[in-house]
Amino acid sequence: MSTHRIVILTGRGDAPGLNAVIRAVVKYAVGQLHWQVVGIEDAFNGLLSEPRRLHDLTPRSCQGLLHRGGTILGTTNRGNPFSYPDGEGGTVDRSADLAAAIEDEGLEGLITIGGDGTQEIAWKLSQSHGIPVIGIPKTIDNDLPSTDFTFGFWSAVEVATEALDRLHTTAEAHDRVMLLEVMGRTAGWIALYAGVAGGADCIAIPEIHYDVERFCEKIRARRRRGRQFTLIVVAEGARPQEGDQEPTHEPHGKGTVMAGGTAQTLARYLTERLEVETRVTVLGHLQRGGGPIPFDRVLATRFGVHAVNLVKAGRWGEMVRLHNDEVTSVPLESATGMPRLVEDTHGLIRAARAVGIEFGQP
Ligand code: F6P
C-alpha cells in the first residue's frame, strides 16, 4: 500500500551520479517502502509543459543506472518557474502553475537534485507556495555551502587528473609549458584538487588573482634546475591581478555567460614575457560527461537514501549533506546564497604551497 507519492527532478548542469541518486531513491522508496516516485522531465519544465512530462519510476525502470552518466530525467538551464520563458523573448512567473500541477497530480512533495540555482528555486517554492521540498546537492564545482562534497566533483577531478597525467609526458618530451583549463567559474576546487593530484607546478583559481610574474619566475626556476617543462592548471574563472587584461567572456545562449578563455589568456601573458612554447587544452564538458567514479556512486546512494528518510520523518525543507563522513541534513535555505569558495587558509592550499606549487600570490 502506497503511503507517499513524491516527485523527483534533476536541475541545471548534469553531474556524474545523478542517475545513481535516482536509482537509490526509487530502490528504497518504491522497492522497499512501496511508495510512488514520479520523475519530471527536464527539471521543472515537465510539470509546466502541455501535456505534462512525468514518469512513474520503478526499480525495474531504474535498472543499470548506478554507473551511467547524464540523467534519465533530462535537465535544463532554462526553466526557472519564477522567470519562465514566455516564448516571445521575455519571462513570466509560472510558480503558481507549478504548485497547481503538483496538487493536480496528487504529489506530496519534491526531491530536487541540483546545485545552488535549483535549490534556491526549491526554497522559494516552499516559501511562496508551501510546496514541501527536500534538496540533494549536486555540482561538479563542489561549491555548495553546507556540504563537504557534492557528488560529481570527484569524478570531474579524476578526469582532470588523468588529463594532467597525459599532458605531463608530452610536456616533458617537448619542453613545453602546458596549460590545462578546467571548469570552475567562481570556485577553484577542481583546479586545486586536480592540480595537486596531477603534479601541477602552478594553479590559477578564481579566488586568488594571480601575478603573472610569479608564474614566470616558477618557470625560470624550474629551468635553472634542468626542468624544461611546466604544467599549469587554470580554472575557467581565474583572473590576473589588477592591471592585466581580463580574459574574454563568450556569450553562451540567451541570458547566460560562459566563462573560459582563461588558459589562453595566461598562455599569451607567458609568451609575451618568456621564451617559451605553450599549448592550451580546454577540458570542457569531458569533466561532466561519463559515469561516476566509486566515491560518487557511494555518495549519491547515501544522499538518495537519506532524502527518502527525511520524507519518511516528515522533515521537509531540508537538504542532505556530507559532513565529516556522515550524511545528515541542514535547512535548505543554507544551500542558497553565496557559493563556497576556496579560502587562502584551506589546508590543501597550504599543503600545495609546501610542495612548491605556485598560485600566483604568496
Ligand atoms: O556549474 C557547473 C559547470 O560545470 C561550471 O563549472 C561551468 O562553467 C558550467 O557548468 C558550464 O555550463 P554549460 O553546460 O551550461 O556550458
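Counting starts at 1 for both ligands and their atoms, in listed order.
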Worksheet entry | Test side chain to side chain donor-acceptor pair (under 3.5 Å) applied to Asp344 - qualifying residues, sequence neighbours left out | Arg353

Worksheet item: Which atoms from ligand 1 have a heavy atom of Arg288 less than 4.0 Å away?
Response: 3 (C), 4 (O), 9 (C), 10 (O), 11 (C), 12 (O), 13 (P), 14 (O)

Please tabulate, for the side chains in residues 125-133, all donor-acceptor contacts under 3.5 angstrom to protein atoms that are two or more places apart in sequence or on a different chain.
unit_1	atom_1	unit_2	atom_2	d
Ser126	OG	Trp123	O	2.6
Ser128	OG	Lys124	O	2.7
His129	NE2	Ser95	OG	2.8

Item to complete: Enumerate the atoms of ligand 1 whose separation from the nearest heavy atom of His285 is less than 4.0 angstrom.
Response: 13 (P), 14 (O), 16 (O)

Worksheet item: Got an N/O contact under 3.5 Å between Thr139 and ligand 1?
Response: no

Worksheet item: Against heavy atoms of Gly184, which atoms of ligand 1 measure under 4.0 Å?
Response: 6 (O)

Discussion item. Taking 4.0 angstrom as the limit and counting only heavy atoms of Glu236, give me the atoms of ligand 1 inside it, by number and element.
Written reply: 5 (C), 6 (O), 7 (C), 8 (O)

Discussion item. Centre-to-centre under 6.0 Å for Phe153 and Trp189, is that the case here?
Written reply: no

Worksheet item: Just which atoms of ligand 1 are under 4.0 Å from any heavy atom in Ile140?
Response: 4 (O)

Fill in: Within-shell test, Gly13 vs ligand 1, heavy atom, strictly < 4.0 Å
no

Item to complete: Go through ligand 1 atom by atom and flag the ones less than 4.0 Å from a non-hydrogen atom of Asn77.
Response: 15 (O)

Worksheet entry | Ring centres under 6.0 angstrom apart (Phe359, Tyr210) | no

Response to the item:
CZ (Arg53) and CD (Glu41) are apart, to the nearest 0.5 Å, by 5.0 Å

Worksheet item: Hey, does the Lys NZ or Arg CZ of Arg176 hover above the aromatic six-ring of Phe229, less than 6.0 Å from the centre and inside 45° of the axis?
Response: no

